[in-house]
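Counting starts at 1 for both ligands and their atoms, following the listed order.
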Amino acid sequence: MAGILFIISAPSGSGKSTLVSQLLTLVERIDFSISYTTRPPRGSELDGREYHFTTREEFLRMVDAGEFLEWAEVFGNFYGTALSALDRAREEGRDLLLDIDVQGALQVMEKLPAAVSIFVLPPSPQVLEMRLRNRSQAEHMTVEAVIERRLAEARAELRHLASYRYALVNDILDKAATELRAIVFTERINSGDLRAALSDGASNSLTSSAAAVAATCRTNTPSKRLRAALATFEQT
Ligand code: ADP
Ligand code: 5GP
């Protein structure tokens, strides 16, 4: 059976990487798609673990050879999802998680409408700014222009939120992680993949409570919490 393709996007600094690593420890039978990028490795990043780090020449060769499901330029660097990652997950019947930007997500939604798309947003622009500052201070590289650019970019990305199937507000990390897990679980149940759902400890009560939590994250019926977060971006 073919696995489910999950797409997760978020403005930089929303806490998407933090949430994805939590999800990968909570949920079995899901692979993280390792993207190709032309940006240099940061901190402790390793080639083949966080990304396949590559040159612009090699990246463009892959584009010309049609080796990408999607690709985009993000903050001056190229990023792309290789079709081989999708093929491998399909062969093994495993779910695949793509952590990609809005431009890439829109390409995948068009090509593969069954993909389950999830947008993570911060509770407000003030919180986003604080997280961006804290993270850049921790990495000893605070550049005002970079923070300003990421905040402006966040507003532009939020305009595409309605194209996603789900949206979750990352205010309290555990709550957002529970919602993300509930979405994965509910989509597995909906797709009839009981084996994957059972590996997460499915039971009737868990199934119905996960479905209720996932329903609160549907973008076609925005919750009060989602509307409140969106309003903070519209006010300023
Ligand atoms: P992204 O991958 O979206 O760019 P990160 O996962 O790197 O974001 O998170 C940005 C910063 O915010 C990090 O310093 C992280 O520890 C912090 N963070 C993430 N989620 C939360 C949260 N719910 N509450 C407080 N801080 C958070
Ligand atoms: P970072 O450089 O901080 O790891 O990632 C920057 C942005 O690039 C993030 O929004 C991340 O989701 C996005 N990104 C990572 N891999 C891919 C990819 O394969 N395709 C696209 N379109 N975006 C990606």
Side-chain angles (χ1 to χ4, degrees), residues 5-24 31-54 59 62-63 67-86 96-112 115 117-143 146-147 149-151 153-154 156-158 160 164 167-180 225 229:
L5 184 63
F6 291 95
I7 308 170
I8 185 160
S9 308
S12 177
S14 304
K16 180 186 52 177
S17 313
T18 311
L19 274 170
V20 165
S21 19
Q22 280 226 5
L23 180 77
L24 295 176
D31 291 336
F32 178 76
S33 163
I34 303 169
S35 297
Y36 283 76
T37 183
T38 61
R39 86 149 162 75
R42 276 197 305 243
S44 59
E45 287 179 340
L46 285 180
D47 187 32
R49 191 177 65 184
E50 283 81 5
Y51 284 104
H52 297 293
F53 295 99
T54 187
F59 192 97
M62 290 177 74
V63 171
E67 292 179 24
F68 287 119
L69 167 64
E70 62 73 36
W71 67 276
E73 188 170 353
V74 186
F75 301 124
N77 294 300
F78 293 136
Y79 293 82
T81 306
L83 279 165
S84 55
L86 195 64
L96 186 68
L97 177 66
L98 309 185
D99 167 346
I100 59 177
D101 87 319
V102 170
Q103 305 168 74
L106 295 174
Q107 293 173 46
V108 179
M109 287 177 210
E110 203 174 312
K111 287 184 188 165
L112 302 168
S117 50
I118 306 160
F119 193 97
V120 176
L121 69 156
S124 68
Q126 292 78 12
V127 171
L128 178 60
E129 181 170 354
M130 197 177 69
R131 287 189 192 159
L132 284 169
R133 281 189 193 284
N134 288 346
R135 188 176 61 181
S136 57
Q137 272 162 17
E139 290 171 353
H140 305 289
M141 44 190 230
T142 308
V143 179
V146 169
I147 292 181
R149 186 172 165 201
R150 294 199 167 192
L151 285 169
E153 194 67 30
E157 288 168 338
L158 275 165
H160 295 284
Y164 286 71
L168 34 110
V169 183
N170 180 20
D171 39 16
I172 299 156
L173 188 60
D174 281 350
K175 190 171 162 88
T178 301
E179 289 174 344
L180 188 51
R225 185 154 150 254

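- Residue, atom and distance of the protein heavy atom nearest to atom 1 (P) of ligand 2 are Tyr51 OH, 3.5 Å.
- Every N/O-N/O distance between Phe75 and ligand 2 stays at or above 3.5 Å.
- For Ala10, no nitrogen or oxygen atom sits less than 3.5 Å from a nitrogen or oxygen atom of ligand 1, counting backbone and side chain alike.
- Nearest protein neighbour of atom 2 (O) of ligand 2, counting heavy atoms only, is Tyr79 OH, 2.4 Å.
- Residue contact check for ligand 1: Val20 places no non-hydrogen atom closer than 4.0 Å to it.
- For Val74, every heavy-atom contact with ligand 2 shorter than 4.0 Å involves the side chain, none the backbone.
- Within the set Arg42, Glu70, Lys16, the minimum heavy-atom distance to atom 21 (C) of ligand 2 is found for Glu70.
- For atom 13 (C) of ligand 2, the closest non-hydrogen atom on the protein side is Asp101 N, 3.8 Å.
- Inspection of the Arg135 and Ser12 side chains reveals an N or O donor paired with an N or O acceptor under 3.5 Å.
- No heavy atom of Asn134 sits closer than 4.0 Å to any atom of ligand 1.
- Under the ring-ring contact (aromatic ring centres under 6.0 Å, His included) rule, Phe78 has a single partner from Phe53, Phe68, Phe59, which is Phe59.
- Residue Leu19 does not touch ligand 1, judged by heavy-atom distances below 4.0 Å.
- Residue contacts with ligand 2: Tyr36 is placed with no nitrogen or oxygen under 3.5 Å of a nitrogen or oxygen of the ligand (distance criterion only).
- Shortest contact from atom 17 (C) of ligand 1 to any protein heavy atom: Arg131 CD, 4.2 Å.
- Atom numbering of ligand 1 starts at 1 in the shown order; those under 4.0 Å from a heavy atom of Thr18 are 5 (P), 6 (O), 9 (O), 15 (C), 19 (C).
- By the 4.0 Å heavy-atom criterion, Ser12 is excluded from the residues contacting ligand 2.
- Where the criterion is an N or O separation shorter than 3.5 Å, residue side chain and backbone included, Asp99 meets it with respect to ligand 2.
- Checked against a 3.5 angstrom limit, the closest N/O atoms of Gly13 and ligand 1 fall inside it.
- Ion pairing between a basic and an acidic side chain is recognised when a charged N comes within 4.0 Å of a carboxylate O; Arg39 and Glu45 show such pairing.
- Closest to atom 16 (N) of ligand 2 among all protein heavy atoms lies Ser35 OG, 3.1 Å.
- When heavy-atom distances to ligand 1 are checked against a 4.0 Å cut-off, Ser17 comes that close through both its backbone and its side chain.
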